[in-house]
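A quick write-up on the structure given underneath.
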Amino acid sequence: MSFLRKIIEGCLGVIRIYALNIREKIKVVPRNHVLIGCDFLLEGEIMLENKYNHLINEEKWMKKWKEENTYQFKVDGRKIFSIDTPPPTVNGKIHIGHIFSYSQTEMVARYKRLRDFNVFYPFGFDDNGLPSERLVEKEVGKKASEIGREEFNKLCIETTNRYEEEFKLLFSKMGVSTDWDLAYKTVSPETIKISQSSFLDLVSKNHAYHKESPALWCNECLTSIAQAELETKRVETTFNYINFDADGEKFTIATTRPELLPAIVAVFINPDDSKNKHLIGKEANIPLINIKVPIMGDDKVDPEKGTGIVMCCTFGDQTDIEWWKKYNLPLKNIFSNEGFLNSNAGAYEGLRIKQARKKIVEDLQELECIVKIEPLEHDVQVHERCGKEIEYTIIKQWFIDLINYKEDFLKKGEEINWYPEHMSKRYKEWVENVMWDWCISRQRYFGVPFPVWYCQECGKPHFARIEDLPVNPLVDKPSSVCSCGSSNFIPEKDVMDTWATSSVTPLINMRYGSENNYEKELRPMSLRSNASEIIRTWDFYTIVKSFYHFNEIPWENVMISGFVMADKGEKISKSKENSKQEPFELINNYSADVIRYWAASGRLGTDIVFSEETLLRGKKLLNKLWNVSKFIEMHLQDYDKETKLDNLEYFDKWILAKYSEMEKQYINYMDEYEVGLALNILEKFFWNFCDNYIEIVKHRLYRPEEFGAEKRLSGQYTVYTILFKLLQKMSIFFPFMTEEIFRELYEDTSIHNTVIEELIVNKDELETGDYLNEIIGHVRGEKSSNNTSLKTSVSYIEIEANKNIINAFNEAIMDLKATLFINELSLIEKESINYNINKIELEFDKDK
RNA sequence: GGAUGAUUAGCUCAGCGGUAGAGCACUACCUUGACGUGGUAGGGGUCAUAGGUUCAAAUCCUAUAUCAUUCACCA
């Protein structure tokens, strides 16, 4: 009862409610709590709740930050840090991987705010293009062509809106500190306008051209696609050895694609191939089709592969196209764009590609032209959106020149800082291997229309004027006549590749072309963040566009995150639907702060596995933070931060110096975007602070009558200072709980708008302080191995140590005696060692 | 086949020239006036393998193996 009075006296006037329960334990409880079995209540101020309720608090701060515009961007003269963050493709269910990649960037945004940057951090949604169309087709169960252009686009907008709301809610719940007023959608008129004017700029600079040229074709999605949209897939097929003859001499070609027999335009042999080179110059007779094609020599043929003889078709693969161009071969396209054989295939017209393959092999077997059939497993290129094998087709389409400027793209890539550094190699590799110009035409509906009509008389493309954008050529009419005088136009029906709009996100952010733009502020942007899989698309195309538009890099820094793995070795992805964790459920169960803890773990650029253990570890950390804050709050009730302090206690100086060391490392890591490593050292310090420092200082804080008010004040100053600084550093990871504690203990403004200020410390105590803590550890160990409580008194202890440690010991003697419950102590100076505990005698519990 | 990264305690990972680390799990103990979602300690590792550089290698180099990512190979 007496210590209860003591606490109440110490804290009077600021306690809201104290309750004494039956077991004589003090409890601090929040307002409006019903107490049962209480002896009395006292009125005062509200304190931190006994248990932190994440559901209530996270909802509260989410709303409050919105009301207070905590994360609003306004040009105010401060240095700007701008982030170009990937607008998620709105093509399906949100999964845990989304949280992972966005959280780390978000933490960087928060960190930069703490460093007094004016942070420009927008959010976008990539809702146009094939991914959205596929989603709608899947949901409706019908193909776009069956629904009709107008109706289909309406459905796309409805569907993407619905998913966007879910994304927005998720990111808000996760505490993403974006300025939602800056949010953009890639289907909005503003974005369409920017994409179209970007296109027109490239046309005017001769970097975009319209040409009938072979292109990659997906006969599932019925559109041409770009090299970057290819994926490889392992499939089982057969290697068919087929007999041909040349002027009566038989020779064999091995092929996986016998259905291309009707499309053969030439046969190739390596001129150095001693076995077969005599055939060069002759004519090959194609069985079944009964046509003759020339046998030609080219050193691209590998004599060791298959039979060393290759058939060249329109078009089986990349090499066919090269030869077609190089030798000016005839064109014999046998596939329709829907994936059927056409009239060029003669008797096989109307069959699907796979049916034709079977039928042709059967017919060849009848003619006894098949030598053998081997089963074969090999990789084929498929369209990443649908997984279907790609074909080649020839249609008139828009391309952006890549081949002629590869050197420049490489140079621009080198000007950018890549984090981690080795990711720049992926970019380099990709650029070096680019073989096609970028085909941006898509024979689809839901995308940015080309601002182009074609003159019916002279066939020339007729472009919209910049001031008329955005235009939809299917609805709008050109505002002038063609240079030939005609006013009859055919509108362009194709739409742009989704990456043609995604690659202008820096332009969207800077409101390119509008009057109140941010060009000055955002050229170049500070940071791009994305996962490694889209270096070849998003990063590459954005660099291309920025080079063509401004001849500069789009951003100074790129940070590449890893993936979330479902189980060891399997990447979580939308298409595989292998994510077992529902993001919303996880947030409800664990809190956004804890999920963020998990998302921050792991190094930049490395994959992480979803781990329940990591969540638990975060949960414990936050629980500890809450409790230590409660403890500190309790001891700060009579603290006046204006009170002058002449001298700090030894361990106070020690922990402040430790803190300062840690903060420097934290800043180093965060400047390298190593979010996980920054959290690591912060966490390590925090546990040291709780387990060692707080255990030492608590005696002083509780018993000023024993230690003196000065020593208590020194402790109060230290816990007050360090807790604030810790909360601030932690706020980038745990925005919700740190805000709650900060507003309760410090000021009623947001911790997220505070700025890191360097702490001036004395480092004299750093080293000796660590030794003293080691000594404390040894004494605790002694008690532990004697199976006795840490409160057991040490009746006698004898320590040998060098002068520095002895001096430190003497300076901190009161704290040490109290912490270890030492009755009698003997210190012996010995220069040759650090320290040695010669003797410990424990006074065993009198109860025992 | 090329490129890039990884391989450290049962699990998840940090360390990246100077005596092997953390959390979880396991074991024993401690109910200490913030916290039992706590505390103190203990057991557990030839740091994938083999060479090399160095006074010193988990750390640097070279091979090999395995895994992952990525590009290419579709004759």
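Atom set for the values below is all heavy atoms of this structure, side chains included, hydrogens, waters and symmetry mates excluded.
- The side chain of A:Lys305 approaches B:C73 more closely than any other nucleotide in the set B:C73, B:U69, B:A28.
- Within 4.0 Å (heavy atoms only), A:Ile694 reaches at least one base atom of the nucleic acid.
- Minimum atom distance to the side chain of A:Asn623 is reached by B:C35, of the listed B:C35, B:G33, B:A14.
- Nearest nucleotide to the side chain of A:His422, out of B:U4, B:G15, B:A72: B:U4.
- Applying the side chain to side chain contact (heavy atoms under 4.5 Å, CB included) test to A:Glu384 and every residue at least two apart in sequence or in another chain returns A:Glu229, A:Glu231, A:Arg536.
- The distance between atom CZ of A:Arg617 and atom P of B:U12, rounded to the nearest whole Å, is 14 Å.
- When the P atom of B:G38 is taken as reference, atom NZ of A:Lys51 falls 10 Å away, rounded to whole Å.
- Considering only the side chain of A:Val380, B:C74 comes nearest among B:G33, B:C74, B:C35.
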Paired and unpaired positions of RNA chain B as dot-bracket, Watson-Crick or G-U wobble under 3.5 Å, | denoting a partner strand: ((((((((.[[[[.)..(..]]]].(((((.......))))).....[[[[[..)....]]]]])))))))....
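- Counting non-hydrogen atoms under 4.0 angstrom, A:Asp691 reaches the backbone sugars and phosphates but no base.
- Nearest to the side chain of A:Glu429, among B:U40, B:C74, B:A3, sits B:A3.
- If you check B:C74, B:A68, B:U40 against the side chain of A:Thr319, the one that comes closest is B:C74.
- A:Leu604 places its CG atom 19 Å from the P atom of B:U69, with the value rounded to the nearest Å.
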Show me the protein contacts with nucleotides 6-10 of chain B, counting only N or O atoms at under 3.5 Å.
none

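- With B:A72, B:A14, B:U12 as the choices, the nucleotide that has an atom nearest any side-chain atom of A:Thr614 turns out to be B:U12.
- A donor N or O paired with an acceptor N or O is found under 3.5 Å between the base of B:U40 and the side-chain atoms of A:Ser784.
- Close to B:G39, at under 4.0 Å from its OP1 or OP2, lies a side-chain N or O of A:Lys624.
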